[in-house]
Amino acid sequence: MMEMHYDNPNYKQGIVDSSGLRVFLTENLREFDAGVLILGHMVSPSHIIPPGSEWKTIGHCDGGCVEQALPAEGVKVFRGLLHAHLLGRDITLRQIRQGRELPVVFKDMNYDFNYQQGRILKEEMTILPGDSFITECGYDARSKRTPTFGGESTQEEMCIVFLTYYPRTDFTFCLSGPELSPIYTSFGIEEVYSEQHMGKSSRVTGPKLIDEESENELLQKLKEKEKKKEKEEAVEVDYAKVFKHVVAKAPQDLRNVTLYDLLHDPKTWRDEEILTRLQEQTVFGSHRMFCGKRGNKVFDGYPRSYNYPDFLAIELLDEECDANYEAEAYAPVVGKDEGRKQDGGIAAVEGKEAAEGGSSVREAAHFVLILGLVFAGLCRL
């Protein structure tokens with residue numbers, strides 16, 4: 001099955017499309033089948049972008065997932081597609097191996113929803129067992145007056161990277177999203193009446209937070225449209241209603257207030273302390289990791305809790321190098337409240353992962369720098 005997307009961002013009139021699709025059949029099959037791996041932030045309301053702000057979102061893929069998903073020799077990536085929706089402004093995929101970030105292969109600092117395309121690599125990217133990934137997305141919501149949540153609609157948001165690789169394995173997705181507690185504590189809630197995991201299945205993109213009430217609402221709307229035989233159009237469902245079930249027990253001044261109420265209160269987003277805490281928690285706080293394979297199954301030990309890893313990151317030496325030579329050097333990146341150790345005169349970072357969570361999850365339906373280290377002397381003084 002293939003999908004063709006037509007767009008006319010300038011709304012020009014009288015355009016007739018003449019594109020088509022040519023299919024070739026052969027009895028001489030190629031040596032390898034290709035697979036698609038989905039990395040990034042799980043598509044769910046746990047993906048929160050405050051109004052009136054520039055925001056950062058991340059999604060993790062841990063080495064433990066990749067370790068059991070790939071053969072010892074690894075796989076080769078030859079194509080990648082970076083994907084966000086209308087608020088997306090930049091997307092970067094960071095690959096970490098044995099505590100060091102590898103040169104960035106997929107990065108778009110001028111992302112535009114209307115001009116998405118798959119990028120074919122001149123040199124294939126290797127993924128080995130134990131590699132981990134961080135998908136980083138930047139958003140511009142300064143023109144928004146209400147929060148934006150993760151979802152399938154174009155008016156909602158995503159932070160996804162699609163990698164096409166060979167030889168194909170069972171590995172199909174590795175996604176994460178913030179745990180519930182780091183979210184509600186960001187808004188000043190100290191205790192809730194009941195906890196819930198941030199994961200249920202999605203018919204499109206894998207793990208997703210969605211309650212039965214929202215599912216039933218969607219089904220009911222679709223049934224009504226069918227009865228009335230209305231023209232096909234998008235059906236809007238407020239999946240963030242799931243936060244109505246997150247009710248504060250403490251502190252006293254927030255008692256019986258729902259997280260949904262706080263998220264939809266304009267005063268919330270005028271509080272700089274809340275914005276700072278939420279940004280810190282959604283990036284550096286505990287995430288729920290989902291690692292899955294073909295057949296809509298999750299790997300053993302998943303979903304599980306996962307903390308932001310410590311690693312040596314590649315950073316550009318200065319703006320002059322960035323413009324002329326793209327020179328890079330290693331610099332330590334440390335997760336929240338983690339220490340560093342000295343190793344041969346350079347600050348190395350001890351890798352750390354949270355203990356595995358043992359809970360089960362409904363079957364998750366799948367969705368679907370170029371240079372090494374360059375000496376500083378190359379830059380002009």
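We count residues from 1, following the sequence as given. Everything numeric in this text was worked out from a predicted model, so none of it was measured.
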Other residues, nucleotides, ligands: >12 heavy atoms within 6.0 Å of Glu124 CD: yes

Lys244/Asp261 ion pair, N-O < 4.0 Å: no

Electrostatic pair Asp90-Lys107, nearest N-O below 4.0 angstrom: no

SG-SG distance Cys174 to Cys291 under 2.5 Å: no

Throw together a table of side-chain donor-acceptor distances under 3.5 angstrom for residues 268-277, partners on residues two or more places apart or in other chains.
residue: Thr268; atom: OG1; partner: Leu262; partner atom: O; Å: 2.6
residue: Thr268; atom: OG1; partner: Asp265; partner atom: O; Å: 3.3
residue: Trp269; atom: NE1; partner: Leu263; partner atom: O; Å: 3.0
residue: Asp271; atom: OD1; partner: Glu273; partner atom: N; Å: 3.0
residue: Asp271; atom: OD1; partner: Ile274; partner atom: N; Å: 3.3
residue: Thr276; atom: OG1; partner: Glu272; partner atom: O; Å: 3.0
residue: Arg277; atom: NE; partner: Ser186; partner atom: O; Å: 3.0
residue: Arg277; atom: NH2; partner: Ser186; partner atom: O; Å: 3.0

Same apolar cluster (I L V M F W Y, side chains within < 4.5 Å links), Tyr165/Leu121: yes

Looking at [X] and [Y], what are the two nearest heavy atoms and their distance?
X	Y	result
Gln68	Asp300	NE2-O, 3.1 Å
Pro182	Ser286	CG-O, 3.9 Å
Thr154	His85	O-CB, 3.5 Å

When you measure from the side chain of [X] to the backbone N and O of [Y], does any donor-acceptor pair fall under 3.5 Å?
X	Y	value
Tyr302	Cys65	yes
Glu191	Ala248	no
Trp55	Ile48	yes
Arg142	Ser53	no
Glu101	Ile314	yes

Between [X] and [Y], is any side-chain donor less than 3.5 angstrom from a side-chain acceptor?
X	Y	result
Glu156	Thr148	no
Asn110	Tyr115	no
Tyr193	Asn256	yes
Ser176	His287	yes

Qualifying residue, where the test is side chain to side chain donor-acceptor pair (under 3.5 Å) with Thr57 and the options are His47, His41, Glu136: His47

Parallel, tilted or perpendicular: rings of His60 and Tyr308 (30°, 60°): perpendicular

Distance, nearest 0.5 Å, that separates CZ of Phe32 from OH of Tyr166: 6.5 Å

Worked verdict on His83 versus Tyr111 for side chain to side chain contact (heavy atoms under 4.5 Å, CB included): CA-CA 9 Å; His83 180 67; Tyr111 177 83; 4.1 Å; yes

Close side-chain approach of Ile183 to Ser46, heavy-atom, < 4.5 Å: yes

